[in-house]
Amino acid sequence: MSHSVVDLASAQMVNSDKTGAIRVGVMGFGGLGQAAARVLAPKREMLLVAAVDRDGFAYSPEGLDPDRAIATYRDRGSVGHLPGGSLSPTSILEAIEAAKGNVDGFFLALPNLPNTFMAEVVEQIIASGWRGVLVDALKRTSAMEQILALGDRLANAGITYLTGCGATPGLLTAAATIAAQSYAEVHSVKITFGVGIANWEAYRATIREDIAHMPGYDTERARLMTDAEVEALLDTTNGILSLENMEHADDLMLELAGICSRDRVTVGGVVDTRNAKKPLSTNVQVTGRTFEGKISTHTFTLGDETSMAANVCGPAFGYLKAGVSLQRRGQFGLFTAAEIMPQFVR
């Protein structure tokens, strides 16, 4: 990881609009991006001013109406049809150009398919000259390693980047980091998640990323699957995806934080794509030895009533707010969710 601290007098200060709200953009407007827009709607400290999808983008300094943006995307295929919007095959680059001096930070709610996609987008943002805060909810260890390799370039570009800031990695990784403090040695970190969604098509990209973890599949095969092929696969499993020993970046983040070696971290779970009720409770178990020589386990369990979207988007914006604080102090470069405490967005 690469962090850069510059003299505060010369640090670029994060902009805010006349109400003092942090101006936020969401890249990717599928299920997760739409949920992110809804999460921001009641917030006083953050204002959604930009939304980007594959075919276009919309920017409004007064703020975008989440309901209108979602309805436009669903009815017409792109937020580019909104007033002030633009349709473009290079929507990300054009949105970044419009964002210069106008958007304090972006939540990258993009599908990382292929596995190099997020890093390629970040390289484009670095090259654009935009300065601000970026937050992702990356899952795969190999994808995060690509972001980590960009640490020096991010710092030199004046970008504060927080990676792995969803639920897992993210919320549960941070909880494991705190739980580890009770121990002289951490023996294992076990993350188990349950996800329930009523209709998989609301989260097409997320489900494809999960399928990529199944035996016989990889990111490329999952990316190339048609919706009909996904449906056929889910029909064979009654809509259930059971995932074990996943390649999840919690292991890398906890290793970098000095909690334990990555081989002591395991992640798995069950996704029900046909029922909103979680098939099991999401939790993290941290087992270790105390300084007195006692072996014990801490368990942190998320409430079953909280959705995947709530547990991903809430932390992502909490980390974005923390990133703004870092940026204002002239701290640029790359951080993980295991290093920084998220700040609650009111």
Side-chain angles (χ1 to χ4, degrees), residues 25-36 50-57 73 77-80 88-97 99 103 105-128 130 132-151 153-154 157 159 161-170 200-214 217-227 229-230 246-250 252-253 308 312-313 316 319-320 334 336-337:
V26 175
M27 283 198 186
F29 214 67
L32 197 58
Q34 292 173 35
V52 189
D53 59 49
R54 182 182 301 173
D55 299 315
F57 74 96
Y73 179 85
S78 175
V79 295
S88 170
T90 57
S91 56
I92 290 176
L93 285 176
E94 292 191 30
I96 284 293
E97 193 61 34
V103 181
F106 281 97
F107 172 31
L108 305 180
L110 297 163
N112 192 47
L113 295 172
N115 199 44
T116 56
F117 182 66
M118 194 74 77
E120 291 166 356
V121 169
V122 174
E123 290 193 62
Q124 291 177 14
I125 295 174
I126 291 171
S128 75
W130 177 83
V133 180
L134 297 176
V135 170
D136 72 40
L138 273 180
K139 295 181 182 180
R140 284 184 172 268
T141 304
S142 53
M144 189 173 291
E145 286 173 334
Q146 296 168 39
I147 299 296
L148 291 171
L150 298 173
R153 292 175 59 189
L154 287 162
I159 294 172
Y161 193 116
L162 289 90
T163 187
C165 298
T168 172
W200 83 270
E201 291 181 333
Y203 291 94
R204 286 185 175 91
T206 298
I207 296 303
R208 281 185 170 83
E209 286 195 62
D210 286 336
I211 289 172
H213 289 280
M214 296 175 62
Y217 291 83
D218 56 24
T219 55
E220 188 62 11
R221 182 176 178 186
R223 183 180 72 87
L224 295 174
M225 290 176 73
T226 65
D227 285 358
E229 288 172 331
V230 172
M246 299 172 72
E247 184 203 330
H248 246 238
D250 305 84
L252 174 59
M253 293 162 62
M308 173 186 69
V312 172
C313 298
Y319 280 109
L320 198 155
L334 190 64
T336 78

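Everything quoted here is computed from the prediction, not taken from an experiment.
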_Within this structure, what is the CZ-CG distance for the pair R204 and L32, rounded to the nearest 0.5 Å?_
15.0 Å
_Minimum heavy-atom distance A99-W130, with the two atoms named_ = O-NE1, 3.7 Å
*Kindly compute the distance separating CZ (R208) from CG (D227), expressed to the nearest 0.5 Å.*
4.5 Å
*L138 side chain reached by P169 side chain, heavy atoms, under 4.5 Å*: no
*asked:* Using the salt bridge (Lys or Arg N to Asp or Glu O under 4.0 Å) criterion, which residues pair with D210? Sequence neighbours excluded.
replied: K139
_Note, R223 side chain near D218 side chain (heavy atom, < 4.5 Å)_ = no
_ring-ring contact (aromatic ring centres under 6.0 Å, His included) partners for Y319, two or more places apart_ = none
*Looking only at non-hydrogen atoms, find the nearest pair between I147 and L334 and report the distance.*
O-CD2, 3.6 Å
*asked:* I want to check something: taking the side chain as every heavy atom from C-beta on, are Q146 and N115 in contact at a cut-off of under 4.5 Å?
replied: yes
*Identify, with sequence neighbours excluded, every residue that meets side chain to side chain donor-acceptor pair (under 3.5 Å) alongside Y161.*
D136
*Taking atom CZ of R54 as the centre, does the number of heavy atoms from other residues, nucleotides or ligands within less than 6.0 Å exceed 12?*
no
*Plane angle bin for F29 and Y73 - parallel if under 30°, tilted between 30 and 60°, otherwise perpendicular*: perpendicular
*Can you check whether F57's main-chain N or O pairs, donor with acceptor, with E94's side chain at less than 3.5 Å?*
no
*To the nearest 0.5 angstrom, please state how far the SG atom of C313 sits from the CE atom of M308.*
8.5 Å
*Rounded distance (nearest 0.5 Å) linking atom CG of N112 with atom OG1 of T219*: 8.0 Å
_Basic-acidic side-chain contact under 4.0 Å: R140, E209_ = no
_In the structure I gave you, are the side-chain heavy atoms of L162 and L320 within less than 4.5 Å of one another anywhere?_
no
*If you look at every heavy atom in V103 and A50, which pair is closest and at what distance?*
CG2-CB, 4.3 Å
_Measuring only between side-chain heavy atoms, which start at C-beta, is L134 closer than 4.5 Å to I159?_
yes
*Taking the side chain as every heavy atom from C-beta outward, state whether T206 and V312 have any pair of such atoms under 4.5 Å apart.*
no
*How close do G170 and A337 get, heavy atom to heavy atom, and via which atoms?*
CA-CB, 3.9 Å
*Rounded to the nearest 0.5 Å, what's the gap from CD1 on I125 to CZ on R153? Could you check?*
12.0 Å
*If you look at every heavy atom in D55 and G77, which pair is closest and at what distance?*
OD2-O, 4.1 Å
*Would a 4.5 Å heavy-atom cut-off, applied to side chains only, mark I96 and M27 as touching?*
yes
*Verify side-chain contact (heavy atoms from CB on, under 4.5 Å) between I126 and L154, making sure each step is shown before the conclusion.*
CA-CA 7 Å; I126 291 171; L154 287 162; 3.7 Å; yes
*asked:* Do E247 and S142 pair up side chain to side chain, a donor and an acceptor below 3.5 Å, judged on atom types alone?
replied: yes
*Grab the two heavy atoms, one from A205 and one from L113, that are nearest each other, plus how far apart they are.*
O-CD1, 4.3 Å
*Can you tell if the side chain of S78 reaches within under 4.5 Å of the side chain of D53, non-hydrogen atoms only?*
yes
*What's the spacing between M144 CE and M118 CE if we round to 0.5 Å?*
10.0 Å
